[in-house]
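What follows is a short report on a single structure.
Each chain gets a letter, A, B and so on, in the order its sequence line appears, and its residues count up from 1.
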2 protein chains.
Amino acid sequence: MLFIDEGLELLTEYEALALLRTGDIGRVGVTVGALPAIFPVNYRIIDGAVVFRTSPGSKLNAATSGSVVAFEVDDHDPEARTGWSVLVVGRAEVVHDVDVTFKILDAGLEPYAGGTRTDIVRIEPMFVSGRRIVQDGSDR
Amino acid sequence: MLFIDEGLELLTEYEALALLRTGDIGRVGVTVGALPAIFPVNYRIIDGAVVFRTSPGSKLNAATSGSVVAFEVDDHDPEARTGWSVLVVGRAEVVHDVDVTFKILDAGLEPYAGGTRTDIVRIEPMFVSGRRIVQDGSDR
């Protein structure tokens, strides 16, 4: 068990990828007009990549096309004081691929805000890391 | 009601700020070694700014000190297909201020991973925006 910071345990890549598969909503970190921005998306893991749907011409579509972006998923149990987060960094691109579209339909991936978000954005992971909150044994 | 994209309604600043006060865990978007990253934090709104705790010397501490960062909060009801997200962009800085420390104690702000995270990071909002998922009336 590797601690990266007090109270935080670094996950193995295997653990991080396994948790990444369990999520439904993630957040994409991009740059819009030289300023940082974060947007929630519904996502799935398809062929080892993070995939979400967006509208042609949307801000998120433009910000992700061809850019290196951050993608984060987390889950928390405030009562138990536990939680984890997984961070993916990779280049995003809009894909036009019938095979991927079928896999998205099979995976039941609906866009975050519904509607006819026909563009498929794919983030190919360059780096994957994960952290888990570990209890320190005290009762605070 | 202003639609920014199909299925998404732009919130007023008043609505966005009101929702920002209701959250507990948010995500900070920063740049670490020229790459984008997103980390979850426990936060409070104190004196009109986003405030969270971090460890001196930590990656998050270094990435936020003096940088313009994104901060995002969201909430979702998958069953009802509703949700909202609020995005804050602003300069982050570590503050050493007894008054702020007392307010953090009053607000019960615990650091995300517990422990002795003594540094207080404050994000002064430059821009605040919010989006809400609106139902399109169809049953999909």
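The existence of a salt bridge linking Glu79(A) and Arg81(A) is excluded, since no basic side-chain nitrogen approaches an acidic carboxylate oxygen closer than 4.0 Å.
The shortest heavy-atom contact between Val134(A) and Leu8(A) is CG2-N, 4.0 Å. Contact record, Phe52(B) with Leu60(B): CE1-CD2, 3.8 Å, taken as the closest heavy-atom pair. Taking each heavy atom of Gly108(A) and Arg44(A) in turn, the nearest pair found is O-NH2, 3.4 Å. Across all their heavy atoms, Ile104(B) and Arg53(B) have their closest contact at CG2-CD, 4.1 Å.
Exactly one of Asn61(A), Thr64(A), Thr54(A) qualifies for a side chain to side chain donor-acceptor pair (under 3.5 Å) with Asp119(A). That residue is Asn61(A).
Residues of residues 27-40 of chain A lying under 4.5 angstrom from chain B, judged on non-hydrogen atoms, are Arg27(A), Val28(A), Gly29(A), Leu35(A), Pro36(A), Ala37(A), Ile38(A), Phe39(A), Pro40(A) by number. Inspection of non-hydrogen atoms places Val89(A) of residues 88-96 of chain A under 4.5 Å from chain B.
If you take OG1 on Thr12(B) and CG on Leu17(B), they are separated by 8.5 Å, rounding to the nearest 0.5 Å.
Screening residues 67-91 of chain B for ring pair (Phe, Tyr, Trp, His ring centres under 6.0 Å) gives Tyr112(A)-His76(B), Tyr43(B)-Phe71(B) as the qualifying pairs, with residues at least two apart or on separate chains.
Taking Arg132(A) as the reference, Glu9(A), Glu15(A) meet the salt bridge (charged side-chain N to carboxylate O under 4.0 Å, His left out) condition, with sequence neighbours excluded.
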